[in-house]
Amino acid sequence: MIEMDPHPDFTAPLLEWYDANKRDLPWRKNTDPYRIWVSEIMLQQTRVDTVIPYYERFMEKFPTLDALAEAPEDEVLKSWEGLGYYSRARHLHMAVKEVKERYGSRVPDNREEIMSLKGVGPYTAGAILSIAYGKPEPAVDGNVMRVLSRFYLITEDIAKPGTRLLMEKLVRKMMPEGRAGDFNQALMELGALICTPKSPHCLICPVMSNCRGRLEGMELSLPVKKKAKPPRPVQRLVAFVEGEDEHEGKFLIRRRPDEGLLAKMWELPHYEIQPDTMATSQLGEQLLKEDGIYANIGEWILNEEHTFSHLHWEMHVYRCRGRMVSERTLSSDRYRWITVDDMQDYAFPNVFIRIIQNIHHRDT
DNA sequence: GACGCGTGGCC
DNA sequence: TGGCCAAGCGT
């Protein structure tokens, strides 16, 4: 026996609701695969309202895949400044260059090739294939898992990789003919607007009447998700090193390593310290000297806390007078003397922008 | 499978 | 106020 539509009371009302309620978002103007791609990367773990201005600027600066492929990496990183998860920008840039060279600037339209691109995983691949190419591929993100875990009362931990596979199977079975992109987006839109994590708006939900989670009063305890480990606290001594003589009016910045946390971003020099040794100027001067920076630690300026997903920095910022920086250090090209105005040429994590602007404010 | 990887908004 | 969360991916 052939099942015509195993989910008639979900798919149809959902699509109808989506048609009437979908938001007017900049990446919904057309289905250019490159535009969809950029939007999906930016939207990873990031809110729509945060992404919109970044997306607008990014598409203005890099309107086509070729434009992005030909841009210097530092410019791409600068366009991502403040958005977080900066490896997304570097991976997107790498992947776009790959598409330009290997596929003649045409974004692949099959799972194998598109998944081989840096930064494109199962979700993003499904999103591009369905939205840009109309292929019946699932695009299962956090929204989709929340919606489906509630509707079908699925109690698997959504933090486990296997759960996503289960959801993808479900979506494949539910996928309506000819409307793959709309269906995937409708699932996410429902999760974003109605089936929200904390206080779902069940009374106006288009599929309320068949939602098992709701019917059994479980909507607030779904989805099941294992708690993340708390960020590890670390103390850092931050050196605001002001130049003398020919570097008068400038301060010293440093480029981070090519891999890892905030890779390739610029920052103020800072060093891990033990809680009980902080504020000892001798230790600070020793740490700076190991980097080839000869400076005196001066007055304490401010403390700043910053929490990453896995780290919590407690930053103690000190004013320093930079007598000189060793030739080896400067020639490494990872250190620069700059003014506040020069910051427009360098990509900084937000935490350092805050610190520098704060210092600049109190100095002027 | 577990961890590393940013940031800001929300209640 | 702080813990939680948001259109995940790489290793």
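FYI, side chains are in, hydrogens and waters are out, and symmetry mates aren't considered; it's all heavy atoms of this structure. Residue numbers start from 1 in every chain, and the chains themselves are labelled A, B, ... in the order their sequence lines are given, proteins ahead of strands.
Counting non-hydrogen atoms under 4.0 angstrom, Arg256(A) reaches nothing in the nucleic acid. Looking at heavy-atom distances under 4.0 Å, Ile131(A) makes no contact with the nucleic acid at all. No engagement by Lys160(A) is indicated, since no non-hydrogen atom pair under 4.0 Å with the nucleic acid exists. In this structure, Arg90(A) reaches neither bases nor backbone, as no heavy-atom distance under 4.0 Å exists between it and the strands shown. In this structure, Thr46(A) reaches the bases: a heavy-atom distance under 4.0 Å links it to at least one base atom across the strands shown. Among the atoms of the strands shown, only primed sugar atoms or phosphate atoms (P, OP1, OP2) are found under 4.0 Å from some heavy atom of Val120(A). Across all strands shown, Arg232(A) has no heavy atoms under 4.0 Å from either base or sugar-phosphate atoms. Within the nucleic acid shown, Trp27(A) comes within 4.0 Å of at least one base atom, counting heavy atoms only. Within the nucleic acid shown, Pro230(A) has no heavy atom closer than 4.0 Å to any nucleic acid atom. Backbone-only contact: Gly82(A) has heavy atoms under 4.0 Å from sugar-phosphate atoms and none from a base.
Phe10(A) has its ring centre less than 6.0 Å from the ring centre of Phe151(A).
Distance Trp37(A) CH2 to dG8(C) P: 18 Å, rounded to the nearest Å. Across the protein-nucleic acid pair, Arg47(A) atom CZ and dG8(C) atom C1' stand 15 Å apart, rounded to whole Å. Here dC9(C) presents its C1' atom at 17 Å from OH of Tyr86(A), a figure rounded to the nearest Å. Atom CD1 of Ile41(A) is separated from atom P of dG8(C) by 11 Å (rounded to the nearest Å). If you take CD of Gln45(A) and P of dG10(C), they are 13 Å apart, rounded to a whole angstrom. With rounding to whole Å, Met145(A) atom CE is found 10 Å from dC9(C) atom P. Between Met188(A) atom CE and dC5(C) atom P there is a gap of 20 Å when expressed in whole angstrom units. Nucleotide dG10(C) holds its P atom 8 Å from the CD atom of Gln44(A), rounded to whole Å.
Read 5' to 3', the first and last nucleotides of DNA chain B with an atom closer than 4.0 Å to a heavy atom of chain A are dG1(B) to dG8(B).
Using bins of under 30°, 30° to 60° and over 60° for the plane-to-plane angle, the ring pair Trp337(A)/His247(A) lands in the parallel bin. Aromatic ring pairs are classed by plane angle as parallel below 30°, tilted from 30° to 60° and perpendicular above 60°; the pair Phe308(A) and His306(A) is perpendicular. Between Phe58(A) and Trp80(A), the ring-plane angle classifies as perpendicular under the 30° and 60° cut-offs.
If Ser199(A) and Tyr85(A) are placed on DNA chain B by their nearest nucleotide, the residue sitting closer to the 5' end is Tyr85(A). Mapped onto DNA chain B by nearest heavy atom, Leu311(A) and Gly162(A) fall at different nucleotides, with Gly162(A) at the one closer to the 5' end. Nearest-nucleotide mapping onto DNA chain C: of Lys118(A) and Val48(A), the residue sitting toward the 5' end is Val48(A). Comparing Glu40(A) and His91(A) along DNA chain C, the residue whose closest nucleotide (by nearest heavy atom) sits nearer the 5' end is Glu40(A).
Comparing dC5(B) with dA6(C), their C1' atoms sit 15 Å apart, to the nearest whole Å. Here, dG6(B) and dT11(C) have their P atoms 14 Å apart, quoted to the whole Å.
Closest contact between the side chain of Lys198(A) and the listed nucleotides dC9(C), dC5(C), dA6(C) involves dC5(C).
Residues Glu40(A) and Ala127(A) share a closest heavy-atom pair of CD-CB, 3.6 Å.
Side-chain contact between Asn303(A) and Glu314(A) is absent, with no heavy atoms from C-beta onward closer than 4.5 Å.
Because its NZ or CZ atom is not both nearer than 6.0 Å to the ring centre of Trp27(A) and within 45° of the ring axis, Arg35(A) does not count as a cation-pi partner of that residue. Relative to the ring axis of Tyr54(A), Arg57(A) places its NZ or CZ within 45° and under 6.0 Å from the centre.
No hydrogens or angles considered: nothing links the side chains of Arg88(A) and Gln45(A) as a donor-acceptor pair under 3.5 Å.
Listed pair Arg88(A) / dG10(C) fails the phosphate criterion, with no side-chain N or O lying under 4.0 Å from OP1 or OP2.
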